[in-house]
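Reviewing the structure listed below.
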Protein chains: 2
Amino acid sequence: MFDLALHYGEGPVSLKNVAERQGISEHYLEQLISGLRKAGLVKSVRGAQGGYTLAKEPNKITVGDVIRVLEGPIAPVDCVAEEDPEFCQKAENCVTKGIWEKVRDSIAGVLDAITLEDMLKDAEKLQRDANFYMYYI
Amino acid sequence: MFDLALHYGEGPVSLKNVAERQGISEHYLEQLISGLRKAGLVKSVRGAQGGYTLAKEPNKITVGDVIRVLEGPIAPVDCVAEEDPEFCQKAENCVTKGIWEKVRDSIAGVLDAITLEDMLKDAEKLQRDANFYMYYI
DNA sequence: CAAATCCCGAGTATTTTAGTAAGCTATTGT
DNA sequence: ACAATAGCTTACTAAAATACTCGGGATTTG
């Protein structure tokens, strides 16, 4: 998704290209992006010169959106999963459940606050810093 | 650890009792508490009438302390583990690493802010609420 | 038509998790 | 002394999750 954000507005990006640039197997990417497409985060264009594009602007997609599709609902333990939490008999007077809920919300808070656009900015900064050190040495 | 906190100041608590009260196998508890003892969070007393006690007051032990012993260093992904993070070639200009660091710190922040004493208070409240509903119905 | 791509379902190797099992060692009460 | 209690240690295991690979089909473009 970061790679797609990087080329947002330049037409469809093929998985072959993403695979090469990011060092991830094309087959594996296909599997991952399938879910992202079904979730409406990317659009696909079939056939030669086809590929994928983000379905929304990079600042409208959060890391939380992506993670929830790829990894499932945020859930430090199953009984406090964001979706379909696993039923537990002891839940009524369980002291740890409240703790896991706090953990879950704190994770979600972080992930939902970061957009793909934020990642682009961070990447630029990383690049600038790398260049700085290059010249310095 | 919560059960030991519950009986803090009453002498050693045997794993047999903890196992019965908390519905966890005694054998499994032995395995878990072994690490907690080595980490200095509990003290053991061998022999008949022996058992375990917290090594510090409940307000001096955080959930983070316990989790780190039982589950290892906090690490949403291995490359940002609190201890001995796994080396990654791409780390130099990895955009996601920073995100995972924020997630890690946010989890640690929650867990380190809750003490066993806090859990005792929460448990009391859960108990009060349960009683309230019992009378109400 | 052929090449480039997306699309889909199955299969797999490794690791982690949450335990079980068996047997030893230390202490205490009678 | 000795039996009962309870801690201590190592090894094993069953099930699930993870991170993939593999093969083949469906679409579109030149």
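Everything numeric here is computed off the predicted structure, so don't read it as measured data.
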Shortest non-hydrogen contact from B:Leu4 toward B:Val42
CD1-CG1, 3.8 Å
Answer yes or no: does a side-chain N or O of A:Ser25 lie under 4.0 Å from OP1 or OP2 of D:dC20?
no
Treating primed atoms plus P, OP1 and OP2 as sugar-phosphate and everything else as base, which nucleotides of nucleotides 2-13 of chain D get B, S or - for protein heavy atoms under 4.0 Å?
---BSBBB-B--
Any ion pair linking B:Asp112 and B:Arg68 (charged N to carboxylate O, less than 4.0 Å)?
yes
Whole angstrom is fine here: how far is it from CG in A:Asp78 over to P in D:dA16?
12 Å
Roughly how many Å is it from CD in A:Glu71 to P in D:dA17, rounded to a whole number?
13 Å
Taking CG from A:Leu36 and C1' from C:dC6, how many angstroms apart are they, rounded to a whole number?
14 Å
Within this structure, what is the CD-to-C1' distance between B:Glu86 and C:dT16, rounded to whole angstrom?
14 Å
Note: B:Phe2 and B:Leu116 closest approach over all heavy atoms is N-CD2, 4.5 Å
Do B:Thr115 and B:Lys60 have side-chain heavy atoms sitting under 4.5 Å apart?
no
Between P on C:dG19 and CG on B:Leu29, what's the gap in Å once rounded to a whole number?
10 Å
Taking the side chain as every heavy atom from C-beta outward, state whether A:Met119 and A:Met1 have any pair of such atoms under 4.5 Å apart.
no
Test item: A:Glu86 side-chain N/O and A:Asp78 main-chain N/O as donor-acceptor pair under 3.5 Å
no
Using atom OH of A:Tyr28 as one end and atom P of C:dG9 as the other, report the distance to the nearest whole Å.
18 Å
